[in-house]
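Take a look at the structure set out below.
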Amino acid sequence: MVGGSAIPLHASIAEVTSRDSVVRTDSGPVRGTVTADKRLFEGIPFAAPPVGDLRWRSPQPVTPWTEPRDATRPGNTCAQLPQLGSVRSESEDCLYLNVTTPRRTNRPLPVMVWVHGGGFTSGSGDFYDASWLVNQGDVVVVTVNYRLGVFGSFSHPDLPGSGAFGLEDQQAALRWVKRNARAFGGDPRNVTVFGESAGALSICAQLTSPSAAGLFHRAIMQSGTCTVNWPKNGLYPGTPEGATLFSSPEEAAGIATQLMAGRGCQSIDCLRAIPAAGANGLLDDPTAQLLSRPVYGTAVLPEDPKRAFTAGRFHRMPLMMGTTRDEERLFVLFTRPGGIDAAQYASLVADSYGDNAAKVTAQYPLSDYESPAVAWSTLATDRVWSCPTLTADRIAAKRAPVYGFEFADRTVPTLGPEMPELPWGAYHGSDLLFLFPLVADRLTEAQRTMSRQIIAYWTRFARTGNPNGHGTPHWPRFRDQAKPVQAFEPGPGGIQPIDFSARHKCGFWDRLY
């Protein structure tokens, strides 16, 4: 398809390549890259650069153009400090998206919109090569950028409705998809959002946002649901309690006021004049770095998504929600490289669970685990990630079709050196290696087979709202049955329903909380 028109069969190879590489969007034509099996259009602006007076304002329309715009390179990465898997960027001109389509599209295809993770402080859409999903699943994939950190979550009383600019950017990208999907061979009436970690939490927020109504039709949340929360030390040793992953207006405004005072600013315009980059820039300001969570109590996010979701106030649609088996190991590996000894384990449990510490220790005795680090990572995985996600499955299943899952491959390639007392296991983010060719050359043949099966599930869900189909083990819809969650492990019988609650001691955590 080119601009929605089929290519004549008699067209020459040169003509097809030339015509395939240009697509007309509602803002102007873009010229992308055509290969033997896909078309890729990168760096397409979906909103005006949020710079100068547009910093901390809702996304604005782009300025149209008439000549084909180069779409063979990604746009700028949103301003961020270097973190795992990302590099430093100082650019606020970053509201760009990327579209990957099959080389040929004979009908409107399902559209999958990827929302990247990174704790609302890092990441970019172009990091994720969508070729596996596109070529194996016959879908159109859009990956998006959105404002991060202080640029996405700044909130102040002088800016009514502020604090969720990153979420507004995501909605602007989804509106762009709705207007332009057909030009790329996609179906604007069949849009699935999917994301991991902060990307999944973003989707949770969009499910509860009134202004997101009608912008997507199915949702996949990987390692991040509205119900995720933690006690002190829960996310990683040293973190304060996180009852919710979103910020109240009062909390955010307090930090913003502190930031303005520290900068000697009496107005938002004064703060807007401070550059993002440089030794005195906002990017490296310790106070500014505290503004990293989307703020509720605004038009885009009227209430805390956790509260709204728990009460059933979310957009009804088919959902897939899941975790990895050993989520917490990644956080312990990077925050406690020296490990955790028995005394530290006991201290962490006491500090986190207070009067209930003895009950927690009885459920997770050191004698049951290879090391104190494994014991702590296991109980934190269960308490913070697995059981809250099971709660989300139960809540949503009363109102919509739900499919629960767990990535459980403990032999997946790792992101760093091994720690003898804490194997990486199925760590937070390991599921991404099966959807995107991030470390394709390091996957075993069994893992490549499982990757193809997972992509089949994901893209069939995008097509129909049901992941099941020919060539993959049956995945039961979640109805809180004995084995309600589909586990993914390589090898014969590795993809099958499991008793997720028993594996993660959710009955214990339900009784404790």
Side-chain angles (χ1 to χ4, degrees), residues 38-44 46 74-75 77-78 85-86 94-102 109-120 122-148 152 166-167 169-178 180-181 184-188 190-207 212 215-224 317 319-322 405 407 428-438 451 454-455 457-463 467:
K38 69 176 186 292
R39 297 185 299 155
L40 175 61
F41 301 85
E42 301 175 280
I44 303 175
F46 63 86
T77 297
C78 287
S86 71
C94 64
L95 299 185
Y96 300 93
L97 53 75
N98 316 288
V99 183
T100 310
T101 79
L109 299 178
V111 181
M112 300 183 72
V113 179
W114 174 251
V115 185
H116 70 77
F120 296 110
S122 67
S124 64
D126 64 273
F127 181 76
Y128 299 91
D129 177 354
S131 58
W132 281 0
L133 290 157
V134 166
N135 295 332
Q136 296 176 41
D138 200 26
V139 294
V140 173
V141 177
V142 180
T143 63
V144 304
N145 288 354
Y146 54 95
R147 279 173 280 182
L148 302 166
L167 297 179
D169 295 341
Q170 294 168 16
Q171 291 186 10
L174 287 165
R175 292 188 181 94
W176 184 95
V177 169
K178 193 169 185 177
N180 293 283
F184 292 88
D187 184 353
N190 188 2
V191 176
T192 296
V193 289
F194 67 131
E196 183 266 349
S197 197
L201 294 170
S202 295
I203 292 168
C204 152
Q206 302 296 0
L207 282 169
L215 295 182
F216 55 97
H217 311 96
R218 323 188 202 288
I220 303 172
M221 288 168 276
Q222 302 170 216
S223 300
M317 64 185 65
L319 302 174
M320 284 170 49
M321 295 186 286
F405 60 86
F407 282 84
H428 182 78
S430 59
D431 47 338
L432 302 179
L433 308 186
F434 295 91
L435 293 169
F436 305 99
L438 299 170
S451 169
I454 289 168
I455 287 171
Y457 282 131
W458 260 235
T459 54
R460 277 198 299 259
F461 178 81
R463 181 165 279 104

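Computed from heavy atoms alone, side chains included, the values below leave out hydrogens, waters and symmetry copies.
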Measure centre to centre between the rings of W132 and F434, then say whether the value is under 6.0 Å.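 Here the rings of F434 and W132 have centres that are no less than 6.0 Å from each other.
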
Taking the side chain as everything from C-beta on, heavy atoms only, tell me whether [X] gets closer than 4.5 Å to [Y].
| X | Y | result |
| --- | --- | --- |
| P102 | L109 | yes |
| V191 | V177 | yes |
| F405 | Y457 | no |
| V142 | V111 | yes |
| V140 | V134 | no |
| L215 | R175 | yes |

Can you establish whether the number of heavy atoms outside K38 located under 6.0 Å from its atom NZ is more than 12?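 Result for NZ/K38: enclosed.
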
Mind running side-chain contact (heavy atoms from CB on, under 4.5 Å) on V141 and V113 for me, showing each step along the way? CA-CA 6 Å; V141 177; V113 179; over 6 Å; no

Indicate the ring-plane relationship of F184 and W176, choosing parallel, tilted or perpendicular according to the 30° and 60° boundaries.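 Geometry flag for W176 against F184: tilted rings.
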
According to the interplanar angle, ranging from 0 to 90°, do the rings of W458 and F407 count as parallel (below 30°), tilted (30 to 60°) or perpendicular (above 60°)?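 Perpendicular.
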
Between the main-chain N or O of [Y] and the side-chain N or O of [X], is there a donor-acceptor pair closer than 3.5 Å?
| X | Y | value |
| --- | --- | --- |
| N190 | R463 | yes |
| D169 | R147 | yes |
| Y146 | H116 | yes |
| Q206 | L167 | yes |
| N145 | C94 | yes |

To the nearest 0.5 Å, tell me how far [X] [atom1] sits from [Y] [atom2].
| X | Y | atom1 | atom2 | result |
| --- | --- | --- | --- | --- |
| L432 | Y128 | CG | OH | 5.5 Å |
| L201 | S223 | CG | OG | 9.5 Å |
| L133 | L435 | CG | CG | 5.5 Å |
| D129 | L438 | CG | CG | 8.0 Å |
| I220 | M320 | CD1 | CE | 4.5 Å |
| I203 | F194 | CD1 | CZ | 8.5 Å |

Run the side-chain contact (heavy atoms from CB on, under 4.5 Å) check on D431 and E196 step by step: do they pass? CA-CA 9 Å; D431 47 338; E196 183 266 349; 4.0 Å; yes

Please find the pair of heavy atoms, one from [X] and one from [Y], that lie closest to each other, and give the distance.
| X | Y | value |
| --- | --- | --- |
| A200 | M221 | O-CG, 3.7 Å |
| E42 | P74 | OE2-CG, 3.5 Å |
| N98 | G125 | ND2-C, 3.8 Å |
| A198 | G119 | CB-N, 3.4 Å |
| S131 | P437 | OG-CG, 4.1 Å |
| S197 | H428 | OG-NE2, 3.0 Å |

Between S202 and Q170, do the side chains contain a donor N or O and an acceptor N or O under 3.5 Å apart?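 Yes, because at least one side-chain N or O of Q170 sits under 3.5 Å from a partner of the opposite role on S202.
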
Test side-chain contact (heavy atoms from CB on, under 4.5 Å) applied to F216 and L174, step by step: CA-CA 8 Å; F216 55 97; L174 287 165; 4.0 Å; yes

What pairs with F461 under ring pair (Phe, Tyr, Trp, His ring centres under 6.0 Å), at least two apart in sequence or on another chain?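 Here no residue qualifies.
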
Check step by step if side-chain contact (heavy atoms from CB on, under 4.5 Å) holds for T459 and M112. CA-CA 8 Å; T459 54; M112 300 183 72; 4.0 Å; yes

